[in-house]
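Quick notes on the structure that follows.
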Amino acid sequence: MSGIKVMSVFGTRPEAIKMAPLVKELRRREDLESLCCVTAQHREMLDSVLDIFQIIPDYDLNIMEPGQTLSTITTKCLLGLEKVFQSAKPDLVLVHGDTSTAFSAALAAFYSKIPVGHVEAGLRTHDRYSPFPEEMNRTLVGDLAELHFSPTVANKENLCREGIEKGIYLTGNTVIDAMATTVRTDFRFSTEGLNHIDYENQKVIVVTCHRRENYGQPMEDIMSALAYIAKTYPGVELVYPVHLSPVVQEVARRHLEGIGNIHLIPPVDVEEMHNLMARCYMVMTDSGGLQEEAPALGKPVLVMRKETERPEAVAAGTVKLAGVEYDRIVALAEEVIMDREVYDTMAHAVNPYGDGKACERIADAIEYRFGLREQLPEEFVPG
């Protein structure tokens, strides 16, 4: 017997960052056969992560096309994965989070009567259109999955409230495991300008802003707030890897281009981003993953969204929900920039998202599910 076949399916950079250390952990287990299938919902950004973690997929659907829609992503994933599952015959399919790839893979596995394990299960905003389509994707995956790997107690409680009683494992978040590989004190940026920033004496703010629900007036207000902060505080430098979306490119450049202490740079890979955050003063973002990664590095985070499916860091004090309105974003940013006590309180809060052992717990849970070990995996306890 070659072992239980576990196929990890992912297609975007955020999924790859969080699934890569799990793929490698599964490959270390003698009683598991670890397979990897990528949909390439995002192509270039996905490939950079695969290179960093030295993962060669067993299957690559390569679905990305110009002008792709949620419907084309979903249908191409479904049709492609049907063939992959027929060929590989996995015993378990692992999906991550809330992407269209995750939903499509879970549905395709269900159609093939293959059990689904959901990594990063139980995140909720309870608003089906925010974030869109992520909130509904992860909710539907939760209905399809048999194994639910929840990063935090709150995530587990969300699932319990939805009537899911079995197969929930409290693991911590795999992104913390990934950072053990990516963050290095001797790291040198390939984006050369990042090597010449004075991280010691300037207050460097790492910015990301790209979410679909922020298009329009919210993004206009966010960019206006960033411009004001840079112009008002010469001791601050903003580093903003601008998403490739034409919508984001246009509004970012219209508001921020030409301001001396703002660096508008192309998107960076996961190693660059993690090491940039490790050196920065604080993070301002509408991203999901950065809300987990920055606290692990002791960096305060302002979340430029109306709500967050990651309330644990808000409760812990390392993240503040700044919303999308100009006045509040400016006020909270000024507070963190100017008030050392506020900054230290946020920077030294306990990281609620993991201890670097999430992948071990997930692999242990899979072995338990298939009768390969007798003991339940230990639960993650923040602190």
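None of the values given here were measured: they were computed from a predicted structure.
Remark: of the listed residues Ile262, Ile205, Ile197, Ile197 is the sole one forming a side-chain contact (heavy atoms from CB on, under 4.5 Å) with Glu237. A side-chain contact (heavy atoms from CB on, under 4.5 Å) with Ile362 is found for one member of Asp177, Thr174, Val6 and no other, namely Thr174.
Among residues at least two apart or in separate chains, there is no side-chain hydrogen bond (donor to acceptor under 3.5 Å, both in side chains) pair with a member in residues 80-90. Listed by first and then second residue, the ring pair (Phe, Tyr, Trp, His ring centres under 6.0 Å) pairs involving residues 90-128 amount to none (not counting sequence neighbours). Residues in residues 340-362 take part in these ring pair (Phe, Tyr, Trp, His ring centres under 6.0 Å) pairs, two or more places apart or across chains: Tyr281-Tyr343. Within the structure, the salt bridge (Lys or Arg N to Asp or Glu O under 4.0 Å) test picks out the following pairs touching residues 139-155 (sequence neighbours left out): Glu146-Arg369.
Considering only residues two or more places apart in sequence or on other chains, Phe189 meets the ring-ring contact (aromatic ring centres under 6.0 Å, His included) condition with Phe187. The side-chain contact (heavy atoms from CB on, under 4.5 Å) test applied to Thr99 returns Thr12, Glu15, Gln41, Thr101, Ala102, not counting sequence neighbours. For Met64, the side-chain contact (heavy atoms from CB on, under 4.5 Å) partners at least two apart in sequence or on another chain are Arg43, Gln68. Under the side-chain contact (heavy atoms from CB on, under 4.5 Å) criterion, Thr232 pairs with Tyr228, not counting sequence neighbours. Contacts of Glu135 classified as side-chain contact (heavy atoms from CB on, under 4.5 Å), with partners at least two apart in sequence or in another chain: Arg124, Thr125, Pro131, Arg138, Thr139. In this structure, the ring-ring contact (aromatic ring centres under 6.0 Å, His included) partners of His243, at least two apart in sequence or on a different chain, are His210. By the ring-ring contact (aromatic ring centres under 6.0 Å, His included) test, Tyr199 pairs with no residue at all, sequence neighbours left out.
Annotation for Gln375: atom CD does not count as buried by contact number, only 12 or fewer foreign heavy atoms lying within 6.0 Å. In the displayed structure, Lys203 atom NZ is contacted under 6.0 Å by more than 12 heavy atoms of other residues, nucleotides or ligands.
Think of Val381 as one node in a network of Ile, Leu, Val, Met, Phe, Trp and Tyr side chains linked at under 4.5 Å; it has no links at all.
How far CD1 of Ile52 is from NE2 of His274: 9.0 Å, rounded to the nearest 0.5 Å. Rounding to the nearest 0.5 Å places CG of Asp327 at 8.0 Å from CD of Glu325. Between Arg373 atom CZ and Arg29 atom CZ the span is 7.0 Å, to the nearest 0.5 Å. Rounding to the nearest 0.5 Å places CZ of Arg361 at 13.5 Å from CG of Leu376. Atom-to-atom distance recorded for Ser245:OG and Met219:CE is 7.0 Å, nearest 0.5 angstrom.
A salt bridge links Glu25 with Arg28; the closest basic N to acidic carboxylate O contact falls under 4.0 Å.
The closest side-chain donor-acceptor pair between Arg161 and Asn158 falls under 3.5 angstrom. Checking Glu292 against Asn173 by side-chain atom types alone, a donor-acceptor pair falls below 3.5 Å. Side-chain N/O atoms of Ser224 and Asp221 include no donor and acceptor closer than 3.5 Å. Counted by atom type alone, Asn137 and Asp98 present zero donor-acceptor pairs between their side chains at under 3.5 Å.
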